[in-house]
Amino acid sequence: MVNIAVLGFGVVGSGVVELMKSNHDKIAGSAAQEINVKYILDIMSFPDSPFADLFVDRFEVIENDPDVQIVVETIGGTKAAYDYTMRSLRAGKNVITSNKELVASFGHEILKLAKEKNLNFLFEASVGGGIPILRPINQCLAANEIKEIYGILNGTTNYILSRMIKNGSSFEESLKEARDKGYAEADPSADIQGKDTCRKICILSALSFGRHIFPEQVPTVGIEIVEAVDMAYAKSMGAKIKLVGRAVRTENGKVAVYVAPHLVLSDSLLANVEDVFNCIVVRGNAIGDTMFYGKGAGKLPTASAVVADIIDAAKHFHARKYIYWEAGGNSAVSDPELLENRWFLRAGITSKEAMELFGDIILIDDKNGFTVFSTGMINEKELKNRMTGRTIYACYRILE
Ligand code: HSE
């Protein structure tokens with residue numbers, strides 16, 4: 001029998017404990033042994049919970065119990081979560097987490113300690129909720145040189161944008177629904193401002209390209225800049241505005257990573273990804289494009305990924321899964337402003353000026369005191385250069 005301890009009884013932690021109970025026989029069969037939740041750690045008490053007798057309020061109880069082989073961290077943030085993760089590994093316990101902030105900030109350091117201790121540190125649930133993505137990149141696509149990885153990585157913002165477009169709901173109503181459904185972060189500004197997507201693309205980049213990428217190295221713009229007028233222009237083009245995280249291997253062996261809302265055309269792989277769904281496209285040099293799609297947030301989809309890691313860890317005591325990446329630094333990243341795209345622009349210039357500046361444009365509108373148009377392929381630096389001294393109201397990369 002394997003004993004586990006779950007740290008944090010919020011949306012994900014409670015989902016893990018419930019799934020461990022409801023799917024008990026299936027999980028025991030997959031792990032080829034019984035998996036028992038021995039402790040739940042939380043600062044709150046849950047006297048009415050069916051699991052009330054499992055609660056402890058001191059991490060030391062778990063740390064000092066040699067019968068606990070796997071610690072499941074679902075606290076979130078990087079304070080207690082980091083401390084308890086490192087102490088668990090030092091105490092000889094495998095660690096599973098859904099905490100993308102922890103992995104994006106300290107992944108290399110934690111993986112290094114896990115490697116030294118011959119333990120597993122697994123975090124499938126940290127990206128894409130219930131979508132299997134980290135294991136496929138690490139194992140199934142291991143023969144490929146990954147050239148690019150991009151996707152819709154945040155359920156909350158995709159839910160908000162979908163609801164605003166499809167149902168005509170307001171931003172506030174849509175955000176409230178996303179919070180009620182347990183999709184949003186404790187502080188939803190991390191979703192709205194793109195920080196959550198940033199953490200996830202950092203993890204995908206590190207796993208795909210082999211070096212730690214820190215969130216601070218990733219230019220990040222969230223959906224707070226998206227205006228209704230541009231959503232309407234996008235709709236008139238059969239397109240949608242969606243928040244995308246993207247990482248591209250560049251010629252010098254580095255990786256250009258950024259997060260920004262994109263104008264997604266109807267023939268893009270991401271065009272029909274709506275509501276809480278996420279979609280990740282991985283471009284490998286042997287396989288071409290592969291797409292991973294599913295629920296990117298929510299209690300049970302996320303718990304599904306966490307419990308799969310628990311089963312994997314239980315089956316691989318003393319046989320580390322090979323998940324690792326090297327330390328980060330300035331030499332790991334290149335400037336995403338040098339990545340070329342077609343662009344959607346709404347600017348305070350005339351259509352004649354737009355044509356003079358960008359040549360072969362597609363004109364969308366020039367009757368409202370600004371000009372809306374799309375450009376051919378150009379990098380962001382050059383685009384900004386040409387628009388110097390002119391007003392840009394909206395500017396999105398086009399995903400086709
Ligand atoms: N707040 C996150 C999201 C939760 O909306 O995608 C899942 O990581």
Side-chain angles (χ1 to χ4, degrees), residues 8-16 19 72-78 81 96-105 107 122-135 149-164 169 171-207 215 218 220-224 226 242-246 259-261 270 273-280 292-309:
F9 198 65
V11 173
V12 181
S14 62
V16 168
L19 188 61
V72 180
E73 186 281 305
T74 68
I75 300 171
T78 55
I96 313 296
T97 188
S98 58
N99 183 339
K100 49 261 161 145
E101 190 177 358
L102 179 74
V103 182
S105 299
L122 304 177
F123 41 89
E124 182 64 63
S126 66
V127 181
I131 306 173
I133 178 64
L134 303 186
R135 217 171 247 93
I149 184 156
Y150 66 91
I152 294 170
L153 301 170
N154 182 269
T156 300
T157 46
N158 205 48
Y159 185 89
I160 292 171
L161 292 173
S162 297
R163 290 286 149 152
M164 288 173 74
S169 310
F171 179 92
E172 288 73 21
E173 275 167 353
S174 311
L175 173 59
K176 184 181 178 308
E177 280 175 29
R179 295 186 84 167
D180 291 347
K181 287 171 186 277
Y183 302 156
E185 298 300 297
D187 174 4
S189 64
D191 298 296
I192 308 302
Q193 294 170 3
K195 291 178 195 162
D196 181 76
T197 297
C198 171
R199 291 163 188 154
K200 291 166 176 167
I201 196 69
C202 286
I203 297 169
L204 291 172
S205 302
L207 204 60
V218 177
T220 297
V221 179
I223 67 165
E224 71 276 21
V226 177
K242 289 188 172 289
L243 186 63
V244 172
R246 184 173 172 221
V259 174
L270 303 188
V273 180
E274 303 290 8
D275 297 325
V276 74
F277 284 87
N278 284 191
C279 181
I280 302 138
F292 299 84
Y293 172 85
K295 285 193 176 158
K299 184 172 179 156
L300 290 179
T302 310
S304 157
V306 173
V307 175
D309 275 350

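Counting starts at 1 for both ligands and their atoms, in listed order. Note that the structure is predicted; figures quoted are calculated from it, not measured. Positions are given from 1, in the same order as the sequence printed here.
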Peer 1: Do F171 and I160 touch side chain to side chain, with heavy atoms closer than 4.5 Å?
Peer 2: yes
Peer 1: So, regarding Y183 and ligand 1 (criterion: nitrogen or oxygen to nitrogen or oxygen, under 3.5 Å), is there a contact or not?
Peer 2: yes
Peer 1: Side chain, backbone, both or neither: which applies to D191 and ligand 1 if a contact is any heavy-atom pair less than 4.0 Å apart?
Peer 2: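 Just the side chain.
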Peer 1: Check whether any side-chain heavy atom of T97 lies under 4.5 Å from a side-chain heavy atom of S126, and answer yes or no.
Peer 2: no
Peer 1: Do any heavy atoms of G296 fall under 4.0 Å from ligand 1?
Peer 2: yes
Peer 1: Looking at E185, which atoms of ligand 1 are within less than 4.0 Å of one of its heavy atoms?
Peer 2: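 Listed by number with element: 1 (N), 2 (C), 4 (C).
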Peer 1: When you measure from atom 8 (O) of ligand 1 to every protein heavy atom, which one gives the shortest distance, and what is it?
Peer 2: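 The protein heavy atom lying closest is K100 NZ, 2.5 Å.
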Peer 1: Of the backbone atoms (N, CA, C, O) and the side-chain heavy atoms from C-beta on, which set of V276 has a member under 4.0 Å from an atom of ligand 1: side chain, backbone, both, or neither?
Peer 2: neither
Peer 1: Looking at K200, which atoms of ligand 1 are within less than 4.0 Å of one of its heavy atoms?
Peer 2: 2 (C), 3 (C), 6 (O), 7 (C), 8 (O)
Peer 1: Around atom 6 (O) of ligand 1, find the nearest protein heavy atom and jot down its residue, atom name and distance.
Peer 2: G155 N, 2.8 Å
Peer 1: How far is atom 5 (O) of ligand 1 from the closest protein heavy atom, and which atom is that?
Peer 2: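 Residue, atom and distance for the closest contact: T156 OG1, 2.6 Å.
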Peer 1: Are more than 12 heavy atoms from other residues, nucleotides or ligands located less than 6.0 Å from atom NZ of K295?
Peer 2: no
Peer 1: Do the rings of Y159 and Y183 sit parallel, tilted or perpendicular, given the 30° and 60° boundaries?
Peer 2: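 Y159 and Y183: perpendicular rings.
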Peer 1: Would a 4.5 Å heavy-atom cut-off, applied to side chains only, mark K299 and L19 as touching?
Peer 2: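 Counting from C-beta outward, K299 and L19 never come under 4.5 Å.
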Peer 1: Give a yes or no on whether a salt bridge exists between R135 and E124, defined as a side-chain N under 4.0 angstrom from a carboxylate O.
Peer 2: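 Salt bridge: yes.
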Peer 1: Evaluate the side-chain proximity of V16 to I96: yes if any heavy-atom separation is below 4.5 Å, no if none is.
Peer 2: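 Heavy-atom side-chain distance check fails, nothing below 4.5 Å.
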